[in-house]
Undergrad: 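Sharing a structure with you now.
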Amino acid sequence: NKPGVLEMQVSGRAIVGTSSAEDYPLQKKRRSLELLRTIAHLRSRTNALGAAFRVRHHLNFACHEFFHKRGFFHVASPILTAADCEGTGELFRVTTLEPGKQDLSQDFFGKEAFLAVSGQLNAEAYALSHSKVYTFGPTFRAENSNTSRHLSEFWMIEPEVAFANLNDNMDLAQSFLQHIFRYALEHCPEDLELFDKFIHPGVIKRLEEALVPFERITYTEAIKILNSSNKKFTFPHNWGDSLQSEHERYLCEEHFKKPCIVTDYPATFKAFYMRQNDDGKTVAAMDVLIPQVGEIIGGSQREERYDLLEKKIADGGLSTKTLQWYLDLRRFGSTPHSGFGVGFERLVQYVTGLENIRDVIPFPRTPGHVDF
Ligand code: 4AD
Ligand code: MG
């Protein structure tokens, strides 16, 4: 009875698959997202989770499109690795040894192996042959964080660009995010309307308003802002403290009220590969912070100087032997280069307004949960 809608004339019917009406977990009434998580194998049949799934698909495509159109090549970075890229030790070990057997020389690779926490180091190798590359794959972190923003298995997009400095990196990060926001507004209007109506009122306006230049401040400036605010934070925020989620969200949600990029963090809590600044204390790092989500992107200019990098690896207690191939990239024609990593699920969270990261990936893995 709606004009323009297809009408069918039915000439017959057959039952293909039956379902018991009483037991079917998705009755007509509304189910909480929390309850739907316990039936992850059925929840994509609901309006909200179906919409999240479709938006995820479109954003996935938009990522590849963004890089392809700008002359980037995709690198299939390995999932089985020997290196702990972020140096945080939150690794899933991969072994074929019987439980209780410890002799690593008898293990499958003859040494320790892990699931990759990042594809960055491998992407760097290809940036130094093809200038502009990116990875987009699953990454794994055994961090025991039961939050609405952490998964044990998540997808990360990691561009890496030769001859780019930190400013170029920030420009690329902003263009990338805004391309994704625009793409979603253009290609997923109906699903976004559903989110705007039932999940997160204002989510469409928020995407439209994020199409302006992001605020850019240094870590030192961020600390000053936190110290002069009247807000009571749980965690300390003196120079040298790492920024906690509450600090990050205050900066973008309350202070700037838009995405902001924080740069030049103290070297002490950042990864070994980040380029040391001339002050000797800070590194050319950047985090992009967005409302609701907090950190969506982490990146840096990379240390391209062999001696400094070798020292950072050793000082960080990492193995120069395991990372010799990475050091070689500085030995054979080094160049300044930069890159970053985008948490894909956090991106889908921001676009849909879904509060919990477990609702934007079909089958979430979190501490204690590897069902379905
Ligand atoms: O800041 P991170 O740890 O940076 C890296 O892994 C670098 N190697 C990236 C690079 O420079 N190529 O992680 C990057 C992003 C974070 O900003 C966050 O959005 C996401 O990955 N992320 C997670 N998303 C979901 N669950 C987790 N446990 C995540 N850990 C990081
Ligand atoms: Mg980070």
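First listed ligand is number 1; within each ligand, the first listed atom is number 1.
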Undergrad: Salt-bridged, Glu303 to Arg305, with N to O below 4.0 Å?
TA: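 Result for this pair is yes, salt bridge flagged.
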Undergrad: Considering only non-hydrogen protein atoms, determine which one is nearest to atom 15 (C) of ligand 1 and report residue, atom name and distance to 0.1 Å.
TA: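 Answer, as residue, atom name and distance: Gly341 O, 3.6 Å.
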Undergrad: Closer than 4.0 Å to some heavy atom of Arg302 - which atoms of ligand 1 meet that?
TA: 10 (C), 11 (O), 12 (N)
Undergrad: Measure the distance from atom 14 (C) of ligand 1 to every protein heavy atom, then report the residue, atom name and distance (to 0.1 Å) of the closest one.
TA: Met156 SD, 3.4 Å
Undergrad: Can Glu209 and Lys258 be counted as an ion pair, charged N to O under 4.0 angstrom?
TA: no
Undergrad: Which of the atoms of ligand 1 are close to Glu143, meaning less than 4.0 Å from one of its heavy atoms?
TA: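 Those qualifying, in numeric order: 27 (C), 28 (N), 30 (N).
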Undergrad: Between Val117 and ligand 1, does any nitrogen or oxygen pair lie at a separation below 3.5 Å?
TA: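 Between Val117 and ligand 1, no N or O pair is found under 3.5 Å apart.
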Undergrad: Name the one of His74, His179, His58 that satisfies ring pair (Phe, Tyr, Trp, His ring centres under 6.0 Å) with His64?
TA: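 Single pass found, and it is His74.
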Undergrad: Assess the side chains of His337 and Gln301: does a donor N or O sit below 3.5 Å from an acceptor N or O?
TA: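 The answer is no; no qualifying pair exists.
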Undergrad: Heavy-atom contacts with Gly299 under 4.0 Å: which atoms of ligand 1 show up? List them by number with element.
TA: 11 (O)
Undergrad: Under the 6.0 Å and 45° cation-pi test, does Arg206 pair with Tyr350?
TA: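 Yes, a cation-pi geometry holds between Arg206 and Tyr350.
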Undergrad: Any heavy atom of Arg149 closer to ligand 1 than 4.0 angstrom?
TA: yes
Undergrad: Which is it for Phe154 and ligand 1 at heavy atoms under 4.0 Å: side chain, backbone, both or neither?
TA: side chain
Undergrad: Write out the residue and atom name of the closest protein heavy atom to atom 1 (O) of ligand 1, then the distance separating them to 0.1 Å.
TA: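 For atom 1 (O) of ligand 1, the nearest protein heavy atom comes out as Glu295 OE2, 3.0 Å.
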Undergrad: For atom 2 (P) of ligand 1, which candidate among Gln120, Glu345, Met286, Arg141 provides the closest heavy atom?
TA: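 Among Gln120, Glu345, Met286, Arg141, the closest heavy atom to atom 2 (P) of ligand 1 belongs to Arg141.
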Undergrad: Using a strict cut-off of less than 4.0 Å between a Lys/Arg side-chain nitrogen and an Asp/Glu carboxylate oxygen, indicate whether Glu345 and Arg358 qualify as a salt bridge.
TA: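 No, this pair does not count.
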Undergrad: If the contact criterion is a heavy-atom separation under 4.0 Å, does Tyr273 count as touching ligand 1?
TA: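 True for this residue.
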Undergrad: May I ask you to identify the nearest protein heavy atom to atom 4 (O) of ligand 1, giving residue, atom name and distance to one decimal place in Å?
TA: Glu86 OE1, 3.9 Å
Undergrad: Less than 4.0 angstrom from a charged side-chain N to a carboxylate O is my criterion; do Arg56 and Asp359 meet it?
TA: no
Undergrad: Check Thr38 against Phe372 and note the closest heavy-atom contact, atom names and distance.
TA: O-CZ, 3.2 Å
Undergrad: In terms of atom number and element, which parts of ligand 1 are under 4.0 angstrom from non-hydrogen atoms of Gly298?
TA: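 Matching atoms, with element in brackets: 1 (O), 9 (C), 10 (C), 11 (O), 17 (O).
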Undergrad: Should you measure from each heavy atom of Ser118, which atoms of ligand 1 turn up under 4.0 Å away?
TA: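 Within the 4.0 Å cut-off of Ser118, ligand 1 contributes 6 (O), 8 (N).
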Undergrad: Quick one: look up the protein heavy atom nearest atom 26 (N) of ligand 1 and list residue, atom name and how far away it is.
TA: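 Sorting protein heavy atoms by distance from atom 26 (N) of ligand 1 puts Leu151 N, 2.9 Å first.
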Undergrad: Below 4.0 angstrom from a heavy atom of Gly343, which ligand 1 atoms are there? Numbered from 1 as shown, please.
TA: 15 (C), 19 (O), 20 (C), 21 (O)
Undergrad: Do we see a donor-acceptor contact under 3.5 Å between the side chains of Glu86 and Tyr273?
TA: yes
Undergrad: Is Arg330 close to Glu124 at the side-chain level, that is, under 4.5 Å between some pair of heavy atoms?
TA: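 They are in contact (side-chain heavy atoms under 4.5 Å apart), so the answer is yes.
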Undergrad: Looking only at protein heavy atoms, identify the closest one to atom 18 (C) of ligand 1 and say how far it is in Å.
TA: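 The closest one turns out to be Arg346 NH1, 3.5 Å.
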Undergrad: Between Thr282 and Asp264, is there a side-chain donor-acceptor contact under 3.5 Å, judged purely by atom types and distance?
TA: no
Undergrad: How far is atom 9 (C) of ligand 1 from the closest protein heavy atom, and which atom is that?
TA: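 Nearest neighbour among protein heavy atoms for atom 9 (C) of ligand 1, to 0.1 Å: Glu158 OE2, 3.3 Å.
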Undergrad: May I ask you to identify the nearest protein heavy atom to atom 19 (O) of ligand 1, giving residue, atom name and distance to one decimal place in Å?
TA: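 Checking every protein heavy atom, the shortest distance to atom 19 (O) of ligand 1 gives Ile296 O, 2.8 Å.
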Undergrad: With a 4.0 Å cut-off, would you call Lys270 and Asp287 a salt bridge?
TA: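 Yes, Lys270 and Asp287 are salt-bridged.
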Undergrad: Before accepting this row, confirm whether a basic side-chain N of the pair Arg331/Asp328 lies closer than 4.0 Å to the acidic partner's carboxylate O.
TA: yes
Undergrad: Which atoms from ligand 1 have a heavy atom of Ile357 less than 4.0 Å away?
TA: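 Heavy-atom distances to Ile357 below 4.0 Å select 25 (C).
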Undergrad: Find, among atoms of Glu295 that are N, O or S, the one nearest to the Mg ion (ligand 2), and state its name.
TA: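 This turns out to be OE2.
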